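I have placed the structure first, in the form of structure tokens, so that the comments after it can refer back to it.
Remember, predicted model here, so these are calculated numbers, not experimental data. Numbers restart at 1 for each chain; the letters A, B, ... are given by sequence-line order, proteins then strands. Hydrogens, waters and symmetry mates play no part in the numbers below; they use all other heavy atoms, side chains included.
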Amino acid sequence: MSFVKQSVIPGFWFGLGYSLIWLTLIVLMPLIALVLYACHIHYDELWRILTNRELFCALKLSLYTAFIAAFSVSILGSLLAWVLVRYRFPGSKLMDVMIDLPFALPTAVAGIALTSLYDQNGFLGSLLPFKVAYTPLGIMIALIFVTLPFVVRTLQPIIKGIPKSIEEAAFSLGANSFQLFLYVLFPALFPAWLTGFSLSMARSLGEYGSIVFISANIPYKTEILPLLIVSKLDQFDYVGATVVSILILLVSFAFLLLINLIQNYVKPNRILWILNRFHPMALFTKDPL
Amino acid sequence: MHKHKLRLKKTITIFSISIGIFAWPFQGFSKDISILNASYDPTRELFRSYNHLFAEYWKAKTGDNLTVYESHGGSGKQARAVIDGMPADVVTLALAGDIDALNRYKPLIDKNWQNRLPAHSTPYTSTIVFLVRKGNPKHIHDWDDLIKSDIQVVTPNPKTSGGARWNFLAAWAYAQNKYGSEDKAYQFVKALYARVPIMDTSARGSTLSFVQRGLGDVLISWENEAYMAKKEEKSNSFEIITPSISILTEPSVAVVDSIVDHRGSREVATAYLQYLYSDPAQRLIAQNYYRPCNPAIVMEFRDKFPSLTLMTIDKTFGGWKRVKDKFFSDNGIFDKIIREIRY
């Protein structure tokens, strides 16, 4: 019993056992099956799959589109969350409900809708001077659409938790609005922002349904990793497909782990400490703080 | 319109299933039986009408009420679904190779399936043709016109689409026939795929890209799919171009032995496929823009199907097994071509 800290709340073993059973049945077992299945592979075959240039290009594309999309969506999403929490305007409640729609909509529908909007003959595509559909940019737009709720929904409760009085206090102590953002809001929001970012990124790496429509699916150029899995499946190459999916899983896991480590290290007071050391405000004001 | 029809069909199917369940205890002498047909995408319209035809025939012959359930999807995906346990009594897929694949992990079907029905288990065939925009503005008449520098070609990805594999092989068969060597064919197909700006994952996807989104100058497509697209598009803004040489596409049909033996439906499933060769069914097939295998019926519809030189997979390429290993496996000829174009 020594490795469990005594708690006043009863039912620890029951709770742990119950949740472990469900976790095993629903999450762990499929993953274990995946790994076991991939073990069928011969070493040479594994090497041949992993050193394939097409795989490398698909991995690179998936990683950078997911990263850029997650980054943009976390900025866009923060702004949206801020507006939704801090301002009341006609339709704000409706807008709040609509944020979840990308989750509800089948991703294929989203993909087809975005493609018709952004291809050369589409409403937006014909206005823009550059190509969006069938390029990596199109992939990113689809990913931003699909992952927007992650960021908004993780940031909303945090923003709600920052009382207005803190902002008023900062102002009355002479902070301008940029200082308010940098020294008060940013440190408080950063951990949640990071969570939203990593959720979006992980989701983006595995996204398939919406992307196959807006991407041209040309190998080496616009072929994403999940499509490679599907095309291996369609060749009846089950083992190859499993190996590639484990690769995606490992990359996502490494990424989430890294974000978690960063989150554990970067607490609001640490951010303040860093900010105080480097005085970024000195860049904007003549007098150092 | 199409969507509504589908939804209506779904509603009716669900409705009839529920009626069937409630009516089950009250059934009289005639049995209610059902079979499941796993087919590929473009046969939706064909089998919708054929199922009515066959159900009437079966009712008249045995008195049983037959319901044929349909499942449609990419040909390879359907094969995989059956491998993974979809209880399809019969499969009607885009290529024999996908039916052979059913035995890949467990023996589901007699190895000799292709000889169990007439005409190599191919009751209807089709070929690969071009769909171009009205008036044929880019003057596309044969395969050679597709590799001109101002042409954009729409064709799906052979890795994920059965139809795309036929397109690839049709181009290859043409070049090999015209220029005489495999090397020349390789160069021709490479030049062709360099003109492909997007590869959808399915033949229907490519048709949508070409027809609805206005992408590309020419769509390489099944003949039946091209006619279907032309019929659906009321504005008459497409033309079908039949090249001088193309490939005889042979969609194949088979009874899945392990499943019919388990369900006890071998008799009806076999009859379902055999009746495809009857005169009324062959006419229905022609009306749905597939080429019937019965030469007499082909003659009836001869103005519908232009004649052209048709190469077969067995004679030109030595069968699907060899085609798959040589062209479409990992690091096969298709992969090599794309690597040379794109990298």
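Annotation for B:Met199 and A:Pro219: closest pair CE-CD, 4.3 Å, computed over non-hydrogen atoms. When all heavy atoms of A:Asn217 and B:Asn157 are compared, the closest pair comes out as O-ND2, 4.1 Å. When every heavy atom of A:Ala216 is checked against every heavy atom of B:Pro197, the shortest pair comes out as CB-O, 3.4 Å.
Taken from CG in B:Asn331 to CD in A:Glu54, the straight-line distance is 9.0 Å, to the nearest 0.5 Å.
A 6.0 Å sphere centred on NZ of B:Lys148 holds more than 12 heavy atoms belonging to other residues, nucleotides or ligands. With a 6.0 Å radius and a threshold of 12 heavy atoms from other residues, nucleotides or ligands, A:Lys60 has its NZ atom at or below the threshold. More than 12 heavy atoms of other shown residues, nucleotides or ligands fall within 6.0 angstrom of atom CZ in B:Phe238. The local environment of CZ in A:Phe67 is sparse, with at most 12 non-hydrogen atoms from other residues, nucleotides or ligands closer than 6.0 Å. The number of heavy atoms from other shown groups lying within 6.0 Å of CZ (B:Arg322) does not exceed 12. By the neighbour-count criterion of 12 heavy atoms within 6.0 Å, atom OH of A:Tyr18 is sparsely surrounded, having that number or fewer from other residues, nucleotides or ligands.
Between chain A and the residues B:Asp330, B:Asp200, B:Asp98, B:Val196, the largest count of heavy-atom pairs under 4.5 Å involves B:Asp330. Heavy-atom pairs under 4.5 Å with chain B were tallied for A:Leu233, A:Thr222, A:Asn121, A:Asp237; the largest tally goes to A:Leu233. Between chain B and the options A:Arg53, A:Arg48, A:Lys221, A:Glu223, heavy-atom pairs under 4.5 Å are most frequent for A:Arg53. Heavy-atom pairs under 4.5 Å with chain B were tallied for A:Asn52, A:Thr115, A:Val230; the largest tally goes to A:Thr115.
Looking at A:Leu227, the atoms closer than 4.5 Å to chain B (heavy atoms on both sides) all sit in the side chain, from C-beta outward. In this structure, the portion of A:Tyr134 lying under 4.5 Å from any heavy atom of chain B is its side chain and not its backbone. Residue B:Leu208 does not touch chain A at all, counting heavy-atom pairs closer than 4.5 Å. In this structure, chain A has heavy atoms under 4.5 Å from both the backbone and the side chain of B:Asp335. Looking at B:Arg342, the atoms closer than 4.5 Å to chain A (heavy atoms on both sides) sit in the backbone and in the side chain alike.
At a threshold of 4.5 Å between non-hydrogen side-chain atoms, the residues B:Ile341 and A:Tyr220 do not count as touching. Using a 4.5 Å heavy-atom threshold, the side chains of B:Thr160 and A:Gln235 count as separate. Between B:Thr201 and A:Phe213 the shortest side-chain heavy-atom distance does not fall below 4.5 Å.
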Q: Verify side chain to side chain contact (heavy atoms under 4.5 Å, CB included) between A:Ser116 and B:Arg213, making sure each step is shown before the conclusion.
A: CA-CA 7 Å; A:Ser116 7; B:Arg213 305 207 188 299; 3.4 Å; yes
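Checking each of B:Lys77, B:Lys159, B:Arg165 against A:Asp234 for a salt bridge (Lys or Arg N to Asp or Glu O under 4.0 Å) leaves exactly one that passes, namely B:Lys77.
For A:Tyr238 and B:Tyr105, the gap between ring centers is short of 6.0 Å.
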